Amino acid sequence: MTRRTKIEEMNKHTGSASPIFGSVASDVEMPTTSLNKEPIDPLVAAELIREYVSTEGNAHQNLATFVQTYMEPEAVKLMSGTLEKNAIDKDEYPMTADLENRCVAIIENLWHANPAEKPMGTSTVGSSEACMLGGLAMLFRWKALAKKAGIDIYSSTRPNLVMGSGYQICWEKFCRYWDIDMRLVPMDEDHLSLDVNAAVALCDDHTIGIVPILGITYTGRYDDVKALDAAVEKYNKKAKVPVRIHVDGASGAMVAPFIEPKLEWDFRLPNVWSISTSGHKYGLVYPGIGWVVWRSEKALPQELIFNVSYLGGTEATMAINFSRSASQIVGQYFVFMRNGFEGYKEIHQKTLDVAQYLSKEIGKMGPFEMMATAEEVPIICWRMKKGSDRKWTLYDLDDRLRIHGWQVPAYPLPANMQAVTVQRIVARADLSMALADKYLRDMKAEIAHLDEVTGENAKKKKTGKRVKFDHSGR
């Protein structure tokens, strides 16, 4: 009997009622470079794939990622029921388009946009597309202003973008794609966030904008946008081409409005002309959804706006991507509606409490110097104490923690601090105190293990003599 006949017989007599791992189809090899010749029962195919991906890490133990790893079951059901809706097809799905517009309006309100200035915004595929759109608006705006000021925009001098060296890789992509000179302000011990004066000093007639970050990837710190705004205001009084600010809201733009509402970093500052953020980070939605808002019609060049049919009329669209599922937009609206302002505040405060607890306990362990303690976003990072005589590194600790399933990356800081290696934890809403305690127990156990195998006991193994564990690390 051929395999095909066996599958047909199975489907004929038992179909999906046949035990998955007792079926002939369960022996079919998963395709790698070409399609399998015959169809496979859907239950069998789903289970084989589920089993395969189950060998990956546990998302809840991935303390490396900012990306949301939990949504309520009701949200998941709602999103799964809207996967087929194309977000760009506003004529066919006008109610979904309305939900997107509501999300944009809610975010504009959170970021203190002035309705009289007619702010504009859109959803995007993650914050990378949002950053790209913010960058393009800066570039097109600069071209128009530079031409008006008599500056040759076609000379060998490339337009430039100023930002700190702790940038996200999407900005490097933007600059490479559109041939823009990336002018970076390096980090140093005294400036673990953007050095405002150094940033403005890099500006000239070819500067399209400055990008501060609200939640630097490496340390979670906020750049001082208010101080930057004041420095830019002073610079613009003498500049041929005024420089404006795009705030890369990263993770902080969905935390600061709830935790530090009085912090001035958004459209309350006159030179902040656009802001981008991730909805799938502390916006509490599964990936990938991002948002970008411009403070006014003036801030968004007309060349970047396209019109599509919508409810018998037209609707402006600025997104780069077309043909994407509207499910994340629906998910964002659900979370906004479900949580409200106080719900977001409660979730973020709890997450900060967990992160600060971890920071305090890790700081007590001895070998480490804390560099970020979740003062703004729920991120902590540490390095080995200067002059430490430990024979192991943070990379060793990173490896040992993976044995327990924890992903806690070790990595060097950016220029000019590449010699400093740090380790980072990103706390998210699904990191409970109970799970944090489990992590701390595993971390302490692995530190003791590393001390054991690299310290005095390791030297005594050949003789069979062992010395008592010494917490001093000598």
Side-chain angles (χ1 to χ4, degrees), residues 111 121 124 126-142 145 158-187 191-204 206-233 235-236 239 241-254 256 264-267 269-278 281 290-295 299-301 304 376-377 414-415:
W111 295 345
T124 59
S127 60
S128 293
E129 183 188 2
C131 290
M132 293 283 178
L133 287 170
L136 281 172
M138 286 189 281
L139 177 60
F140 276 67
R141 207 165 56 232
W142 170 80
L145 291 172
R158 295 189 298 165
N160 65 77
L161 181 68
V162 177
M163 63 192 314
S165 61
Y167 64 88
Q168 295 178 333
I169 194 65
C170 63
W171 286 109
E172 187 172 347
K173 289 183 178 181
F174 167 74
C175 290
R176 189 178 300 178
Y177 291 164
W178 279 280
D179 196 27
I180 292 169
D181 180 21
M182 196 176 200
R183 295 188 176 176
L184 299 178
V185 181
M187 279 187 179
H191 300 93
L192 294 177
S193 55
L194 184 67
D195 183 338
V196 168
N197 293 327
V200 174
L202 291 175
C203 295
D204 58 27
H206 286 79
T207 300
I208 67 172
I210 302 178
V211 181
I213 304 173
L214 209 68
I216 297 169
T217 301
Y218 293 85
T219 63
R221 297 199 179 190
Y222 290 171
D223 287 336
D224 190 342
V225 186
K226 186 174 182 179
L228 179 62
D229 178 79
V232 165
E233 185 72 25
Y235 171 87
N236 285 342
V241 180
V243 170
R244 305 300 181 188
I245 297 169
H246 172 90
V247 178
D248 180 353
S251 51
M254 291 302 293
E264 295 182 40
W265 62 272
D266 51 20
F267 293 123
L269 304 174
N271 292 293
V272 173
W273 277 35
S274 54
I275 303 171
S276 59
T277 196
S278 287
K281 293 179 182 175
W291 302 93
V292 59
V293 173
W294 292 269
R295 74 176 301 127
L300 179 60
L304 298 182
E376 292 159 326
V377 290

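For this chain, numbers begin at 1 and follow the sequence in order. Just so you know, these numbers use all the heavy atoms, side chains as well, and skip hydrogens, waters and symmetry mates. The structure displayed is predicted, hence computed values, not measured ones.
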Looking at [atom1] of [X] and [atom2] of [Y], how far apart are the two atoms once the value is rounded to the nearest 0.5 Å?
| X | Y | atom1 | atom2 | value |
| --- | --- | --- | --- | --- |
| Asp223 | Glu376 | CG | CD | 9.5 Å |
| Tyr177 | Phe174 | OH | CZ | 12.0 Å |
| Leu136 | Ile208 | CG | CD1 | 8.5 Å |
| Ile275 | Trp265 | CD1 | CH2 | 4.0 Å |
| Cys175 | Arg158 | SG | CZ | 8.5 Å |
| Trp273 | Ile245 | CH2 | CD1 | 11.5 Å |

Please report the shortest heavy-atom distance between [X] and [Y], naming the atom on each side.
| X | Y | result |
| --- | --- | --- |
| Leu184 | Gly164 | CD2-O, 3.9 Å |
| Pro270 | Glu233 | CG-OE1, 4.2 Å |
| Leu228 | Val196 | CA-CG1, 3.6 Å |
| Cys131 | Ser276 | SG-OG, 3.6 Å |
| Asn236 | Pro242 | OD1-CA, 3.4 Å |
| Thr277 | Ala253 | OG1-CB, 3.5 Å |

Indicate yes or no for a side-chain donor-acceptor contact from [X] to the backbone of [Y] under 3.5 Å, with no hydrogens or angles considered.
| X | Y | answer |
| --- | --- | --- |
| Ser127 | Gly290 | no |
| Thr207 | Gly209 | no |
| Arg244 | Met138 | no |

### All salt bridge (Lys or Arg N to Asp or Glu O under 4.0 Å) counterparts of Asp224, not counting sequence neighbours
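Applying salt bridge (Lys or Arg N to Asp or Glu O under 4.0 Å) to Asp224 gives none.
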### Query
Does a side-chain heavy-atom distance below 4.5 Å link Met254 with Lys281?
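No, every pair of side-chain atoms sits at 4.5 Å or beyond.
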### Message
Any non-hydrogen side-chain atom of Met163 less than 4.5 Å from a side-chain atom of Met182?
### Response
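Side chain of Met163 against side chain of Met182, heavy atoms only: contact under 4.5 Å found.
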### Query
Just one of Trp171, Trp294, Tyr167 clears the ring-ring contact (aromatic ring centres under 6.0 Å, His included) bar with His246, so which one?
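Only one of Trp171, Trp294, Tyr167 forms a ring-ring contact (aromatic ring centres under 6.0 Å, His included) with His246, namely Trp171.
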### Task
Using the side chain to side chain contact (heavy atoms under 4.5 Å, CB included) rule, take Lys226 and Leu269 through it: C-alpha gap first, then chi angles, then the decisive distance, then the call.
CA-CA 7 Å; Lys226 186 174 182 179; Leu269 304 174; 4.1 Å; yes
### Message
Consider side chain to side chain contact (heavy atoms under 4.5 Å, CB included). Of Asp204, Ile210, Leu161, which one does Arg183 pass it with?
### Response
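When Asp204, Ile210, Leu161 are each tested with Arg183, the side chain to side chain contact (heavy atoms under 4.5 Å, CB included) holds only for Asp204.
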### Task
Assign the ring pair His206 / Trp142 to parallel, tilted or perpendicular, where the plane angle (0 to 90°) is split at 30° and 60°.
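Tilted: the ring planes of His206 and Trp142 meet at 30° to 60°.
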